[in-house]
Each structure stands twice: as C-alpha cells, then as structure tokens.
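For ligands, and for the atoms within them, numbers begin at 1 and follow the listed sequence.
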Amino acid sequence: MIGPDLKFKDQVVIVTGSSSGIGKACAVHFANHGAKVVINYNSNAHEGMQVLDEIVSNGGSAILVKADVSREDDVKALFAEAVSRYGKVDVLVSNAGLQKDSSFLEMTLEQWQKVIDVNLTGQFLCCREAARQFVKQQENAQEVNHSELSIGKIILMSSVHDVIPWAGHVNYAASKGGIMMFMKSISQELAPHKIRVNSVSPGAIKTPINKEVWSDPDKYKGLLQLIPYKRIGTPEDVAKAVAWLSSDDSDYVNGETLYIDGGMTLYPEFADNG
Ligand code: NAD
C-alpha cells in the first residue's frame with residue numbers, strides 16, 4: 001500500500017522485466033514509496049496488466065510498456081514512452097533476464113546467443129539509453145543544479161553467478177560475469193556525470209525462473225544446503241536492496257555489487273571444516 005514513507009516521491013523509475021518475479025516486486029516497492037513506475041513486459045501482457053492493476057489499486061502511479069530489451073528500437077521506444085508520459089527518468093532497474101540451460105557439450109549457438117542478447121546486450125541497450133537520458137535532462141535543466149547528489153541511478157540485475165561458476169548454465173554465468181565488468185566500467189565512465197551505477201547479485205530467490213527447483217521437495221532440500229541462512233530469498237528481499245541503492249542514502253556507493261544471497265557466496269561447504 002502507498003505511503004507513509006514516500007522516499008521516491010515524483011521520481012520516475014523504469015523496471016525492465018517487471019511483469020513477474022524480482023522486477024514485479026521492485027515495481028510495486030517503488031510505487032508504494034511514491035515513485036511513478038514504468039512497468040515493462042516482453043510477452044506476457046496479462047501479467048503486466050496485473051502488476052499495473054495492483055499498483056494503481058493501491059493508489060500508486062504506473063504505466064505498462066511492451067518492449068524486448070534485446071532490441072534497440074524497442075528500448076528507445078520504452079524510454080520515449082516513459083519521457084512522454086512522465087517527462088523524465090530518475091532510476092533504471094535493468095532487471096530483465098532469462099535462462100536457456102544446457103550442458104556445455106549440447107549447448108546450441110541459439111541457446112548461447114539468446115541469453116547473451118537478453119542478459120548482456122539488453123542491459124547495455126537499457127543502460128546506454130538511461131545514461132543518455134540523464135545527461136540530456138541535466139543539459140536541458142532550466143536551473144543550475146547545485147546539489148551534490150546523483151542526477152540518475154542505474155541498478156543492474158546480476159547474480160551470484162557473476163562469481164560462482166555454474167556448470168550446465170555457462171551462457172547464464174557468462175552473461176552475469178559480463179555484467180560485473182560492464183557495470184564497473186560504465187560506473188567509472190559515468191561517475192563524473194554524477195550518474196551512479198551499481199549491481200545487485202541475488203542468490204536463490206523464489207520466482208518463476210527457478211520454480212523447477214523450489215517446487216520439488218528434494219531439490220529444495222539440496223538448495224538449502226547451499227544457503228547458510230537456511231531460507232530461500234523473496235523478491236521483496238531484493239527489491240528493498242535495489243531501493244536502497246537507488247536512493248540518496250547510498251549516494252557515495254558507486255560501481256559496487258551487493259550480494260543478496262543468505263550467504264551463498266560464503267563457501268558453505270567449508271562450514272564443517274571443509
Ligand atoms: P522471472 O522469470 O520472473 O523474471 C524475468 C523477467 O524478465 C520476466 O518478467 C520476463 O518476461 C522478462 N524478460 C525476459 N526476456 C525479456 C526481454 N527480451 N525483454 C523484456 N523482458 C524480458 O525471474 P526473476 O527471478 O524475477 O529474474 C529477474 C532477474 O533476476 C533476471 O535478470 C535473473 O537473471 C535475476 N536473478 C534471479 C535469481 C533468482 O533466484 N530468481 C537469482 C539471481 C539473479
């Protein structure tokens with residue numbers, strides 16, 4: 001429900017891939033804290049409408065825009081729609097992503113390419129568009145901005161698999177490893193423009209992307225072995241961290257990756273002396 005903490009009042013936030021899972025939780029969280037939210041979906045209009053309805057019925061403000069983040073024209077149109085409706089963009093949550101799993105020996109070029117196109121090239125296209133928009137807004141501002149604070153924030157959705165190798169998912173791990181260096185490099189380049197760029201790297205979060213694991217009791221038990229904190233994460237766990245990184249409370253945080261993983265990256269297999 002909207003309020004009472006309207007930390008993002010009147011800020012315009014684009015969340016890609018927000019018709020489900022982590023993106024949906026981010027869209028709802030930002031809207032509940034006063035933001036005007038651009039919900040993006042690629043193929044499931046019905047799910048996108050449900051997120052829009054949830055935000056609007058809670059008293060929030062949002063629009064729903066179809067765009068495939070791996071297509072340059074779609075990404076440009078997504079930002080144009082956001083600016084046309086709300087006049088500006090303050091935050092990009094570059095979240096859309098997918099898996100096309102296969103053993104390495106069996107992996108097709110199509111499986112490799114699809115994951116790289118959406119998870120890596122899609123983030124490049126969205127981040128470039130956001131950065132261009134932030135710079136343009138600053139150049140077109142009527143008054144000189146004397147604030148020391150950031151003029152635009154970008155959060156990239158990475159994964160613990162930007163540091164944990166993942167057999168059977170090499171396309172996905174390569175895409176997220178790529179996000180790590182992409183994020184750091186653009187953060188270095190954009191910081192002088194007062195644009196902040198950071199990533200979040202979730203561990204196991206209960207969403208449609210990994211339903212096959214958490215809906216099977218045996219696989220779920222196996223998964224918990226990998227999590228020292230002994231629970232699967234929720235999309236809201238990630239949304240709250242994304243919101244902090246997007247807020248002025250983290251204004252001096254640049255080029256960082258925040259792991260939201262219940263300790264998955266702590267080498268849990270060494271907890272009993274290795
Ligand atoms: P999800 O499947 O619910 O969400 C992915 C979203 O991306 C969907 O809404 C989907 O429609 C959208 N999408 C896919 N291709 C798209 C495209 N070409 N254009 C626009 N949107 C597209 O799963 P999720 O777990 O919420 O995943 C969100 C992000 O979180 C992904 O980047 C994923 O890699 C990352 N992540 C998830 C977990 C986890 O455990 N769930 C862990 C680490 C990272």
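Scanning the protein heavy atoms around atom 31 (C) of ligand 1, the nearest turns out to be Asn95 O, 3.3 Å. In this structure, the protein non-hydrogen atom closest to atom 19 (N) of ligand 1 is Val69 N, 3.0 Å. Among protein heavy atoms, the minimum distance from atom 1 (P) of ligand 1 is reached at Ser20 OG, 3.5 Å. Regarding atom 44 (C) of ligand 1, its nearest protein heavy-atom neighbour is Ser158 O, 3.1 Å. Residue, atom and distance of the protein heavy atom nearest to atom 12 (C) of ligand 1 are Gly17 CA, 3.7 Å. Among protein heavy atoms, the minimum distance from atom 21 (N) of ligand 1 is reached at Ala96 CB, 3.4 Å. The protein non-hydrogen atom at the shortest distance from atom 40 (O) of ligand 1 is Ile205 N, 2.8 Å. From the protein, the heavy atom lying nearest to atom 24 (P) of ligand 1 is Thr207 OG1, 3.4 Å.
With a 4.0 Å cut-off on non-hydrogen atoms, Lys176 touches ligand 1 through its side chain and not its backbone.
For the 3.5 Å distance criterion, the side chains of Asp162 and Ser201 qualify, holding a donor opposite an acceptor. Residues Tyr86 and Ser61 have side chains that bring a donor and an acceptor to within less than 3.5 angstrom of each other. For the residue pair Gln133 / Gln137, a side-chain donor-acceptor distance below 3.5 Å is found, with atom types taken as modelled. Side-chain atoms of Ser70 and Asp117 include no donor-acceptor pair closer than 3.5 Å.
Between Asp251 and Arg196 there is a salt bridge, since at least one side-chain N of the basic residue sits less than 4.0 Å from a carboxylate O of the acidic one. Ion pairing between a basic and an acidic side chain is recognised when a charged N comes within 4.0 Å of a carboxylate O; Lys206 and Glu236 show no such pairing.
Around atom CD of Gln113, more than 12 heavy atoms belonging to other residues, nucleotides or ligands sit under 6.0 Å away. Heavy atoms of other residues, nucleotides or ligands lying less than 6.0 angstrom from CD of Gln138 number more than 12. Within 6.0 Å of NZ in Lys100 there are 12 or fewer heavy atoms belonging to other residues, nucleotides or ligands. The environment of NZ in Lys221 is sparse: at most 12 heavy-atom neighbours from other residues, nucleotides or ligands sit within 6.0 Å.
On a distance-only criterion, Val118 and ligand 1 share no N/O pair closer than 3.5 Å.
Within ligand 1, counting atoms from 1 as listed, the ones closer than 4.0 Å to a heavy atom of Gly21 are 3 (O), 26 (O). Taking every heavy atom of Tyr172 and a limit of under 4.0 angstrom, the matching atoms of ligand 1 come to 33 (C), 34 (O), 35 (C), 36 (N), 43 (C), 44 (C). Those atoms of ligand 1 with a heavy atom of Gly97 less than 4.0 angstrom away are 5 (C), 7 (O), 14 (C), 31 (C), 32 (O). In the vicinity of Asp68, heavy-atom distances shorter than 4.0 Å reach the ligand 1 atoms 17 (C), 18 (N), 19 (N). Proximity to Asn210 (heavy-atom distance under 4.0 Å) selects the following atoms of ligand 1: 39 (C), 40 (O), 41 (N). Of all atoms in ligand 1, numbered sequentially from 1 with element shown, those under 4.0 Å from a heavy atom of Met157 are 29 (C), 30 (O), 32 (O), 35 (C). When each atom of ligand 1 is checked for a heavy atom of Ser159 under 4.0 Å away, the hits are 43 (C), 44 (C).
Note: Lys7 NZ to Asp249 CG = 4.0 Å, rounded to the nearest 0.5 Å. Of the inter-residue distances, the one linking Thr16 atom OG1 with Asn95 atom CG reads 5.0 Å to the nearest 0.5 angstrom.
The closest approach between a heavy atom of Leu98 and any atom of ligand 1 is below 4.0 Å. Residue Pro208 places a heavy atom less than 4.0 Å from ligand 1. Ala67 counts as a contact of ligand 1, since one of its heavy atoms falls under 4.0 Å from the ligand. Not a single heavy atom of His161 lies less than 4.0 angstrom from ligand 1.
Ring geometry for Trp166 against His161 counts as parallel: the plane angle stays under 30°, on a 0 to 90° scale with 60° as the upper cut.
Using a distance-only test at 3.5 Å, with no hydrogens or angles considered, a donor-acceptor pair links the side chain of Lys194 to the main chain of Glu148.
Comparing heavy-atom distances from atom 38 (C) of ligand 1 across Pro235, Ser19, Ala204, Gly203 singles out Gly203 as nearest. The residue among Gly233, Pro202, Ala25, Gly48 with a heavy atom at the shortest distance from atom 43 (C) of ligand 1 is Pro202. Taking all heavy atoms of Asn40, Ile209, Val160, Ile39 into account, the minimum distance to atom 23 (O) of ligand 1 is reached by Ile209.
Put simply, atom 35 (C) of ligand 1 has protein non-hydrogen atoms near it, under 4.0 Å away.
Of the residues listed (Ser94, Ser158, Ser199), the one engaging Gln123 in a side chain to side chain donor-acceptor pair (under 3.5 Å) is Ser94, and it is the only one.
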